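Everything quoted here is computed from the prediction, not taken from an experiment.
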Amino acid sequence: MICWPRLVLFGDSITQFAFEANAWGSVIANKLIRKCDVINRGLSGYNTRWAKILLPRLISDTAEKPVAITIFFGANDSSLKEENPQQHVPLEEYTENLRCMIQYLKSINITQDKIILVTPPPIYEPAWEEQCLLKGCKLNRLNSAAGLYAKACVQVASECGTEVVDLWSQMQESGQDYTVYLSDGLHLSSEGNQFLESSLWPILEKKLSSLPFMLPYWNDVDNANPEASLLQESS
């Protein structure tokens, strides 16, 4: 069997939606064609409490190890406990859950240089409140709360030696209009997907640039003896 290297995207709905047309995951997957499989393990609505439980069932010590993994949670954890107790995770537990997931990956020899944390994006409360009202509930997320979880995510990355994309801070840098990056006040718009991909790709490119092109270029296949060209890596 020919085994492609794997990049795993692990997160909530913003990761689940990452393979939509021109979304951040699909653009990255296209850039890594014939070098690395990009595996989407986005789980809409999930938080770090559930992610921590699932991670050993998604990436085990016996399976092929990913060459890199993104961990992108916090948008649900940071929801308000009073309005959304199903998804809310206290800040201290969120922080510890991120640490536990990193420690687990390290325990199966996925080193910290292969781990990239992504903070939750900012929340545009008026737009998200409209979505909540349509579902018959009150506003259940605040931008200030998302910022606390983003800050904790950055701190965990610093403590554990991983890379981090601070989406919450970068999207609001210099007082720019961050609302263009959000489709509904929470999830990413086309501009938001482009913003995340452009922030994440330089980190991934640095880590994965040495991956070889899988299998020979078509014009390099020996037409008289294709087995010699196509089976050489697995012989």
Side-chain angles (χ1 to χ4, degrees), residues 9-20 23-25 40-55 57-58 70-102 116-157 164-173 175-193 195-196 199:
L9 310 180
F10 187 37
D12 53 34
S13 58
I14 304 176
T15 298
Q16 181 174 316
F17 302 157
F19 276 11
E20 292 180 352
W24 63 276
N40 189 321
R41 292 293 178 263
L43 301 162
S44 179
Y46 276 52
N47 56 34
T48 57
R49 181 181 296 161
W50 306 338
K52 181 183 71 172
I53 296 168
L54 284 174
L55 184 58
R57 299 184 65 188
L58 299 176
T70 61
I71 300 177
F72 186 3
F73 289 95
N76 298 314
D77 300 68
S78 61
S79 59
L80 303 178
K81 182 179 180 181
E82 300 78 14
E83 301 299 335
N84 189 4
Q86 174 72 2
Q87 293 177 303
H88 171 79
V89 171
L91 181 60
E92 296 77 14
E93 183 187 344
Y94 168 77
T95 304
E96 187 57 28
N97 289 341
L98 288 178
R99 288 196 191 101
C100 286
M101 286 191 277
I102 293 170
I116 305 164
L117 301 187
V118 184
T119 77
I123 305 290
Y124 182 52
E125 294 161 19
W128 185 246
E129 186 173 24
E130 288 183 16
Q131 298 297 314
C132 292
L133 291 173
L134 288 173
K135 296 175 182 177
C137 59
K138 297 179 182 178
L139 177 66
N140 58 22
R141 287 168 172 80
L142 296 175
N143 192 37
S144 58
L148 294 175
Y149 285 69
K151 184 178 180 180
C153 181
V154 171
Q155 182 61 37
V156 170
V164 63
V165 175
D166 186 357
L167 208 55
W168 189 88
S169 297
Q170 291 175 19
M171 283 185 167
Q172 299 179 90
E173 205 166 37
Q176 63 181 309
D177 179 15
Y178 69 89
T179 64
V180 300
Y181 299 129
L182 305 171
S183 63
D184 57 5
L186 170 63
H187 301 98
L188 301 184
S189 64
S190 176
E191 292 86 352
N193 275 282
F195 187 98
L196 174 53
S199 300

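- Atom CD of E130 is separated from atom SG of C132 by 10.5 Å, given to the nearest 0.5 angstrom.
- Taking all atoms of both residues into account, the shortest heavy-atom contact from K52 to C100 is CD-CB, 3.7 Å.
- Interatomic distance, Q170 CD to L196 CG, rounded to the nearest 0.5 Å: 9.5 Å.
- Closest approach of A51 to F73, counting heavy atoms only: CB-CZ, 3.4 Å.
- For the pair D177 and V180, the tightest heavy-atom approach, listed with the atom from each and the gap, is O-CG2, 3.4 Å.
- In this pair, Y149 and Y94 present their aromatic rings tilted. The plane angle is within the 30 to 60° band.
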| task | Would you check, one step at a time, whether the test side chain to side chain contact (heavy atoms under 4.5 Å, CB included) holds for W128 with D184? | result | CA-CA 6 Å; W128 185 246; D184 57 5; 3.7 Å; yes
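- Residues I102 and L117 meet the side-chain proximity criterion, which asks for heavy atoms closer than 4.5 Å.
- Taking 4.5 Å as the limit, some side-chain heavy atom of L98 sits within range of a side-chain heavy atom of C153.
- Of the possible polar contacts, none joining the H88 side chain to the L80 backbone as a donor-acceptor pair under 3.5 Å is found.
- The side chain to side chain donor-acceptor pair (under 3.5 Å) with T48 is formed by just one residue from the set N97, N76, T95; it is N97.
- Note that the CG atom of L91 and the CD atom of E96 stand 12.0 Å from one another [nearest 0.5 Å].
- Tested against Y124, the residues P121, P122, P126 include a single side chain to side chain contact (heavy atoms under 4.5 Å, CB included) partner, P126.
- L9 has its side chain within reach of W24: a pair of non-hydrogen atoms, C-beta onward, lies under 4.5 Å apart.
- Aromatic ring orientation, F195 versus Y181: tilted (interplanar angle from 30° to 60°).
- Here the CD-CG distance, from Q172 to L167, works out to 10.0 Å after rounding to the nearest 0.5 Å.
- Residue P120 comes nearest to A75 through the heavy atom pair CB-N, 3.6 Å, listed as atom of the first residue, atom of the second, then distance.
- Note: I14 CD1 to S183 OG = 9.0 Å, rounded to the nearest 0.5 Å.
- In this structure, R49 and P90 have side chains that are in contact, with non-hydrogen atoms separated by less than 4.5 Å.
- Taking CD1 of I123 as the start and CD of E129 as the end, the distance is 13.0 Å to the nearest 0.5 Å.
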| task | Show the numbers, then the answer: is there a side chain to side chain contact (heavy atoms under 4.5 Å, CB included) between H187 and S13? | result | CA-CA 8 Å; H187 301 98; S13 58; 3.0 Å; yes
| request: Assess whether side chain to side chain contact (heavy atoms under 4.5 Å, CB included) is satisfied between L188 and M171, documenting all intermediate values. | output: CA-CA 11 Å; L188 301 184; M171 283 185 167; 3.9 Å; yes
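- With hydrogens and angles disregarded, a donor-acceptor distance shorter than 3.5 Å links the side chain of W168 to the backbone of N143.
- Taking each heavy atom of S78 and G74 in turn, the nearest pair found is OG-O, 2.7 Å.
- Checking R141 against Q131 by side-chain atom types alone, no donor-acceptor pair falls below 3.5 Å.
- Tested against V164, the residues I116, V118, V154, I71 include a single side chain to side chain contact (heavy atoms under 4.5 Å, CB included) partner, V154.
- Residue A18 comes nearest to A23 through the heavy atom pair O-CB, 3.2 Å, listed as atom of the first residue, atom of the second, then distance.
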